[in-house]
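Order of appearance sets the numbers: ligands from 1, and atoms from 1 within every ligand. Both backbone and side-chain heavy atoms feed into the values below; hydrogens, waters and symmetry mates do not.
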Amino acid sequence: MSFDLVLFGGTGDLAWRKLMPALFQAFRHGTLPPDGRIIGIARDDLSDDQYRALIRSRFDAVDLDKRPTPQEFERFAGLLHYLRVDLSQPQDYARLAATLRERQAETVVMYLATAPALFTTVVQQAAAAGLNRPNTRLVLEKPLGHDLASNRAINEAVRQVLSEKQVFRIDHYLGKPAVQNLFALRFGNALFEPVWRREHISNIQITIAEDFGVEKRGAFYDSTGALRDMVQNHALQLLCALAMEPPINAHADAIRDEKLKVLRSLKPWTPETLDQHVVRGQYGPGKVNGESVIGYRDEPGVDPDSRTETFVGLRADIASWRWAGVPFYIRTGKRLAAREAHIVVNFREAPHAIFNAPPGTSNKLVIHLQPRDGLEMHLLAQGQENRRNGSTLAPVQLNLDFDKRFGTERVGAYERLLLDVIAGRLNLFVRSDEQEEAWRWVEPLLEHWRSDQREPRIYAAGTWGPSASSGMIARAGHCWSEEC
Ligand code: NAP
C-alpha cells in the first residue's frame, strides 16, 4: 500500500521528539509500508538532503537502543522529503498539491504537528487546493481548542471538508500498550465483568504524575494549565475505558459510542461540588529527586502572578446503574513526587470477616501505565509469618509485568497510532462528539476558576500535590494509593 505522510510542522519539537522516532521504529520493525514518503513541511528553505541531515542530527537525542545505525538511517532517509510551505499563505498550498499529485499515493495522511492556531487555516486551504480527496486522512494533535466553542469551531471547519471517518484525533494515551491491555482485561476476560460495578468496587483512582516542570514550554503551559493539558483529554479517556459498558464489537464506532455514553453520564458540576470535589494547585519551590527546583511562578515564560493550575485533583461521579455512588478520583500534576501514571481499582471489603486482616486492606487492582507497564492484583493470604496464627491474613500481590512477559520491544504509543492512521483504523482515535462532551464537562471548572479570586493551593515541588487533595478524598473515607 503506497502512502504519503505530510508532516505539517516537520521541523518542530513534536516531529523530531515523537513522530520521527516512532516512524523509524515502525520502519525498523518492518511494519511501515515500504512504498511511502514522509514529507516534512515548514517555512525554512531546506533541500531534501538538508532535512535528512537535520533529522539525523536529532536522532542523537533519542535513547541508544532506539537510535538508527548509519546503515539503517540511510535506508530510512530514502523516505524523507521536505517542502517549504508557509501555511498562512494560500498560494503555497499549490506546491504541496503538485508534489502529492506527481505520485498519486493510495493514502495521503496530513498530520498537523503545528500550532493549533493554524489548524482551521490549514484544513480550509488544503481543501481549496483539492487535497480533501476520499483517500485523505487528517491527524489532529491536542490541544484541539482551548474551550468548547473553539473546539467546536475546529471540528466544524473540518466537517465542512472531510467526513468523520477521515479524521484521526490523537490522544496518545490510547496508543499506550497498557491502555490497550485495559480494554483486553475488561472485554477479553470473563473474570472481571461481574465484579466491575458499584456492588464490588468502592472507588477508582487515576493518577498521571510528572516529576518535571514546564521545561521550555512555560508560555504555552501558562495559558493552558493541567485541566486542559491532561484532564480534558488523557484522564477522561482513561475514565471512559474504565467505566464504559462492553461494546457490541471492536469496531471504532461501537467503542466510541460507549465512551460517549460515559462522558454524557458524568454528573454536572454544582456550586457544592465545585467547592468540595476539586483541588487546584500550583507548585512552589522544592526538591525533586534530591535536586532543588524553582517554583512555577519563577519559570521562564510564566507570569510571576500566574494563577494557572499545575495540579488538579478531582472527584467525578457517573450517573448510571453500574457506577452510582462510586467516586472516580483523578489527579494530575507537574513537579510531583514521581513520574508515573497508574490506575487503582479499589474493591470493597469482604462483607463478612472470618479472618483478621490489617485494617484497610481490601483487594485492589493496580494498572501501571508508565514508566512500567503491568498489572498488580492485591490479595490477602496466609504468609509464613502468620501460619502459626491461621486466622490472620497479610497482603500479597500477583504481578504481571508486560515488559518482562512480552519484551521491551513492544510497539510504542505513537508508533501504533501512526500505523493505525496509515491503515485507516480509527479505534484508538477520539470522535468529535466525545471531545465536545469532554469539553462540556470541564468548562464549568474553567469558568469557576476564572471568576474565583482565590489563589491556587501552593504545594512544594517533589510532593504529591496540595494536602487538600488528600482531604478531598478523605471526606468520602478514601485515601490515595501511596497513603494507605
Ligand atoms: P513547535 O516546536 O513550535 O513546532 C512547530 C512547527 O510548525 C515547526 O516545524 C514550525 O516550523 C512549523 N510552523 C509554524 N508556523 C508555520 C507556518 N506558518 N508555516 C509552516 N510551518 C509552520 O511546536 P510543537 O511542540 O512541535 O507542537 C506542535 C503541535 O503539537 C502543537 O499543536 C502542540 O500543542 C502539539 N503537541 C506537542 C507536543 C510536544 O511534545 N511538543 C505534545 C503534544 C502535542 P517553522 O517555524 O520553521 O516554519
Side-chain angles (χ1 to χ4, degrees), residues 5-23 38-47 50-51 54-55 57-58 61-62 80-96 99 110-126 129 131 138-147 150-151 153-154 157-158 168-176 208 210 212-226 228-235 237 301 332 334 339 341 370 412-414 417-418 421 429-430 435:
L5 169 56
V6 185
L7 265 183
F8 295 87
T11 57
D13 183 68
L14 181 70
W16 71 262
R17 262 190 336 110
K18 302 279 188 199
L19 306 181
M20 283 296 173
L23 287 163
I38 299 164
I39 305 169
I41 285 204
R43 287 169 297 186
D44 282 347
D45 202 2
L46 301 174
S47 67
Q50 284 170 320
Y51 185 58
L54 181 73
I55 298 300
S57 67
R58 300 249 160 107
V62 170
L80 301 180
H81 301 266
Y82 181 81
L83 202 61
R84 183 179 57 77
V85 174
D86 184 340
L87 298 169
S88 60
Q89 301 301 318
Q91 70 276 10
D92 277 18
Y93 289 76
R95 233 183 6 261
L96 172 61
T99 302
M110 302 201 295
Y111 197 123
L112 300 201
T114 190
L118 283 169
F119 285 4
T120 305
T121 308
V122 174
V123 167
Q124 288 167 343
Q125 293 306 325
L131 295 178
L138 177 71
V139 186
L140 296 168
E141 261 294 343
K142 73 158 202 185
L144 217 56
H146 57 272
D147 55 15
S150 51
N151 175 260
I154 296 171
V158 170
F168 294 71
R169 293 177 193 79
I170 290 237
D171 187 310
H172 74 273
Y173 266 66
L174 293 179
K176 286 182 183 290
I208 308 176
E210 293 172 335
F212 48 88
V214 290
E215 299 182 312
K216 291 179 185 150
R217 308 178 83 209
F220 159 78
Y221 194 85
D222 208 31
S223 60
T224 305
R228 290 186 175 98
D229 197 38
M230 301 301 273
V231 177
Q232 184 274 337
N233 35 56
H234 309 316
Q237 282 294 323
T332 182
K334 290 199 175 290
R339 175 176 177 262
Q370 76 181 26
Y414 270 104
L417 295 173
L418 281 159
V421 175
F429 297 86
V430 183
Q435 218 171 36

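- Checked against a 3.5 angstrom limit, the closest N/O atoms of Glu141 and ligand 1 fall outside it.
- The Asp86 neighbourhood of ligand 1 comprises atoms 17 (C), 18 (N), 19 (N), with distances under 4.0 Å to a heavy atom of that residue.
- No N or O atom of Leu112 sits closer than 3.5 Å to an N or O atom of ligand 1.
- Within ligand 1, the atoms closer than 4.0 Å to a non-hydrogen atom of Ala113 are 6 (C), 28 (C), 29 (C), numbered from 1 in the order shown.
- A donor-acceptor distance shorter than 3.5 angstrom exists from the side chain of Tyr82 to the backbone of Asp44, with no hydrogens or angles considered.
- The side-chain hydrogen bond (donor to acceptor under 3.5 Å, both in side chains) test applied to Thr121 returns no partner, not counting sequence neighbours.
- With hydrogens and angles disregarded, a donor-acceptor distance shorter than 3.5 Å links the side chain of Asn233 to the backbone of Arg228.
- Evaluation of the salt bridge (Lys or Arg N to Asp or Glu O under 4.0 Å) rule for Arg217 yields no partner, not counting sequence neighbours.
- Looking at Lys18, Arg217, Arg43, it is Arg43 that brings a heavy atom closest to atom 14 (C) of ligand 1.
- Around atom 32 (O) of ligand 1, the closest heavy atom drawn from Leu144, Thr114, Leu87, Val122 belongs to Thr114.
- When heavy-atom distances to ligand 1 are checked against a 4.0 Å cut-off, Arg17 comes that close only through its side chain, counted from C-beta outward.
- The closest approach between Ile170 and ligand 1 stays at or above 4.0 Å for every heavy atom of the residue.
- A donor-acceptor pair is defined here as one N or O able to donate and one able to accept, closer than 3.5 Å; such a pair exists between the side chain of Asp92 and the backbone of Asp86.
- The protein atom (non-hydrogen) at minimum distance from atom 10 (C) of ligand 1 is Thr11 OG1, 4.1 Å.
- No donor-acceptor distance shorter than 3.5 angstrom exists from the side chain of Arg58 to the backbone of Ala15, with no hydrogens or angles considered.
- Protein heavy atom closest to atom 26 (O) of ligand 1, with residue, atom name and distance, is Leu14 N, 2.8 Å.
- For atom 21 (N) of ligand 1, a protein heavy-atom neighbour is present inside the 4.0 Å cut-off.
- Side-chain contact check for His234 and Lys142: at least one donor-acceptor pair (N or O, by modelled atom type) lies under 3.5 Å.
- At under 3.5 Å, not a single nitrogen or oxygen of Ala42, backbone or side chain, sits near a nitrogen or oxygen of ligand 1.
- In terms of protein heavy-atom proximity, atom 34 (O) of ligand 1 is nearest to Pro143 CD, 3.1 Å.
- A donor-acceptor pair under 3.5 Å links the side-chain atoms of Asn151 to the main chain of Leu144, judged by distance alone.
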Item to check | Steps toward side chain to side chain contact (heavy atoms under 4.5 Å, CB included) verdict (Leu138, Phe119) | outcome: CA-CA 11 Å; Leu138 177 71; Phe119 285 4; over 6 Å; no
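- Scanning all protein heavy atoms for the shortest distance to atom 4 (O) of ligand 1 gives Gly12 CA, 3.3 Å.
- Here the heavy atom of the protein found nearest to atom 6 (C) of ligand 1 is Gly9 CA, 3.5 Å.
- By heavy-atom distance, the residue among Asp13, Leu46, Leu19, Asn233 lying nearest atom 1 (P) of ligand 1 is Asp13.
- What sits closest to atom 33 (C) of ligand 1 on the protein, heavy atoms only, is Lys142 O, 3.9 Å.
- Taking a cut-off of under 4.0 Å to the non-hydrogen atoms of Val85, the atoms of ligand 1 that pass are 19 (N), 20 (C).
- Distance alone, capped at 3.5 Å, is enough to place a donor-acceptor pair between the Tyr221 side chain and the Ala226 backbone.
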Next on the checklist: Apply side chain to side chain contact (heavy atoms under 4.5 Å, CB included) to residues Tyr93 and Val122 and explain how you reach the verdict.
Outcome noted: CA-CA 9 Å; Tyr93 289 76; Val122 174; 3.7 Å; yes
